[in-house]
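Data first, discussion second: the structure below is written as structure tokens.
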Amino acid sequence: VNGRRWAPIVRVDRGAITRVHKLWLTTDTGKLSGLDCQLGADGSIHAIAIERHFEVTKLLTFALPAGDGDITPDVALDLGPILHGKLNLEGIVWTPKGVVAVIDNQYAGITGPSELLVFKQEAVK
């Protein structure tokens, strides 16, 4: 849309789709490869996601709006300048001690063992 790319974010409550949002991506090529959500005590939903495509590797955070509307994420951590596309992050999860990302090391064949990257909470803002 107008030169910008987006990914669909769907909210499902009790097995039914209740909302569909556009999550505006931060690059011309990135795609979402992993997502984890936390439900707040007040019913709010906060998410962390991986936007990646070869040299692009970013951890994005955002809150789902209570109603309709597009989502503009925050870049919590830009790993592109560090990883240079050498690691393929596939999954992500919040833990009580920080964020864990999964690397499967499978692109056109197995290139190494699966790995976990662990980020302290203060590193992912």
Side-chain angles (χ1 to χ4, degrees):
V1 176
N2 298 325
R4 295 175 67 199
R5 298 179 63 248
W6 57 274
I9 299 294
V10 178
R11 181 174 176 156
V12 178
D13 289 317
R14 293 179 177 88
I17 294 173
T18 60
R19 295 258 192 281
V20 179
H21 303 278
K22 287 181 183 174
L23 174 72
W24 293 105
L25 298 172
T26 66
T27 66
D28 293 340
T29 58
K31 298 157 190 70
L32 292 187
S33 70
L35 174 79
D36 188 33
C37 297
Q38 292 181 325
L39 182 61
D42 62 355
S44 61
I45 298 174
H46 299 272
I48 189 164
I50 301 166
E51 179 180 355
R52 69 168 174 81
H53 183 76
F54 295 101
E55 285 78 33
V56 172
T57 306
K58 295 183 180 186
L59 304 186
L60 308 178
T61 56
F62 57 93
L64 271 70
D68 295 329
D70 294 353
I71 302 168
T72 300
D74 293 314
V75 176
L77 189 59
D78 185 355
L79 296 169
I82 298 164
L83 299 180
H84 304 287
K86 293 181 181 171
L87 297 177
N88 193 19
L89 278 64
E90 292 289 349
I92 193 161
V93 65
W94 265 313
T95 72
K97 294 186 179 183
V99 172
V100 178
V102 177
I103 303 162
D104 69 1
N105 285 321
Q106 293 183 27
Y107 178 74
I110 296 174
T111 59
S114 296
E115 301 176 80
L116 298 177
L117 295 181
V118 181
F119 302 95
K120 294 181 180 180
Q121 284 181 329
E122 57 270 17
V124 181
K125 300 178 181 179

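Hydrogens, waters and symmetry mates are skipped; everything else that's a heavy atom, side chains included, is used. Just so you know, residue 1 is the first one in the sequence shown, and it goes up from there.
- No side-chain N or O of Gln38 forms a donor-acceptor pair with one of Asp36 less than 3.5 Å apart.
- For Asn2, the CG atom sits in a loose shell: 12 or fewer heavy atoms of surrounding residues, nucleotides or ligands are nearer than 6.0 Å.
- One distance of note links CG of Asn88 with NE2 of His53; it measures 11.0 Å at 0.5 Å rounding.
- From Cys37, atom SG reaches atom CD1 of Ile45 across 6.5 Å, with rounding to the nearest 0.5 Å.
- Note on Val93 and Val124: separate hydrophobic clusters, where clusters join Ile, Leu, Val, Met, Phe, Trp and Tyr whose side-chain heavy atoms are under 4.5 Å apart, directly or indirectly.
- With hydrogens and angles left out, the side-chain atoms of Lys58 and Thr27 include no donor and acceptor closer than 3.5 Å.
- When hydrophobic clusters are built by joining Ile, Leu, Val, Met, Phe, Trp and Tyr residues whose side-chain heavy atoms come closer than 4.5 Å, directly or via intermediates, Leu60 is not grouped with Phe119.
- Looking only at side-chain heavy atoms (C-beta outward), Thr26 and Pro73 come within less than 4.5 Å of each other.
- Within a 6.0 Å radius of CD1 in Ile82, other residues, nucleotides and ligands contribute more than 12 heavy atoms.
- Note on Leu35 and Leu39: same hydrophobic cluster, where clusters join Ile, Leu, Val, Met, Phe, Trp and Tyr whose side-chain heavy atoms are under 4.5 Å apart, directly or indirectly.
- With hydrogens and angles left out, the side-chain atoms of Ser114 and Asp104 include no donor and acceptor closer than 3.5 Å.
- No chain of hydrophobic side-chain contacts below 4.5 Å, direct or via other Ile, Leu, Val, Met, Phe, Trp or Tyr residues, connects Leu32 to Ile50.
- In this structure, Leu116 places its CG atom where more than 12 heavy-atom neighbours from other residues, nucleotides or ligands lie under 6.0 Å away.
- The nearest pair of heavy atoms linking Glu51 to Leu25 is OE2-CB, 3.5 Å.
- Asp42 places a side-chain N or O within 3.5 Å of a backbone atom of Ser44 that can act as its donor or acceptor partner.
- Proximity of Ile9 to Val20: side-chain heavy atoms (C-beta onward) are nowhere separated by under 4.5 Å.
- Between atom CZ of residue Phe62 and atom CG of residue Asp70 there is a gap of 12.5 Å, rounded to the nearest 0.5 Å.
- Annotation: Asp13, atom CG; neighbour count of heavy atoms from other residues, nucleotides and ligands within 6.0 Å is above 12.
- Between Gly67 and His21, the shortest heavy-atom contact is O-CE1, 3.1 Å.
- For Gln121 (side chain) and Pro96 (main-chain N/O), a donor-acceptor pair under 3.5 Å exists by modelled atom type.
- Put simply, the side chain of Val102 does not reach to within 4.5 Å of the side chain of Ile92, judged on heavy atoms.
- In this structure, Arg4 and Asp28 have side chains that are not in contact, with every pair of non-hydrogen atoms separated by 4.5 Å or more.
- No side-chain heavy atom of Leu23 sits less than 4.5 Å from a side-chain heavy atom of Pro8.
- Closest of all the heavy-atom pairs between Trp94 and His46 is CZ3-O, 3.3 Å.
- Residues Leu87 and Leu83 approach most closely at CD1-CD2, 3.7 Å, considering heavy atoms.
- When the side chains of ILVMFWY residues are joined at heavy-atom separations under 4.5 Å, either directly or via intervening members, Leu64 and Val75 end up in a single hydrophobic cluster.
- Counting only heavy atoms from C-beta outward, the side chains of Ile71 and Trp24 never approach each other to under 4.5 Å.
- Using modelled atom types, one finds no donor on one side chain facing an acceptor on the other under 3.5 Å when comparing Thr57 with Arg52.
- Under the 4.5 Å side-chain criterion, counting only non-hydrogen atoms from C-beta, Leu89 is in contact with Leu117.
- A side-chain donor-acceptor contact under 3.5 Å links Arg19 to the backbone of Ala66.
- Heavy atoms from other residues, nucleotides or ligands lying under 6.0 Å from NZ of Lys31 number more than 12.
- Here the CD atom belonging to Glu90 is positioned 9.5 Å from the CD1 atom belonging to Ile103, to the nearest 0.5 angstrom.
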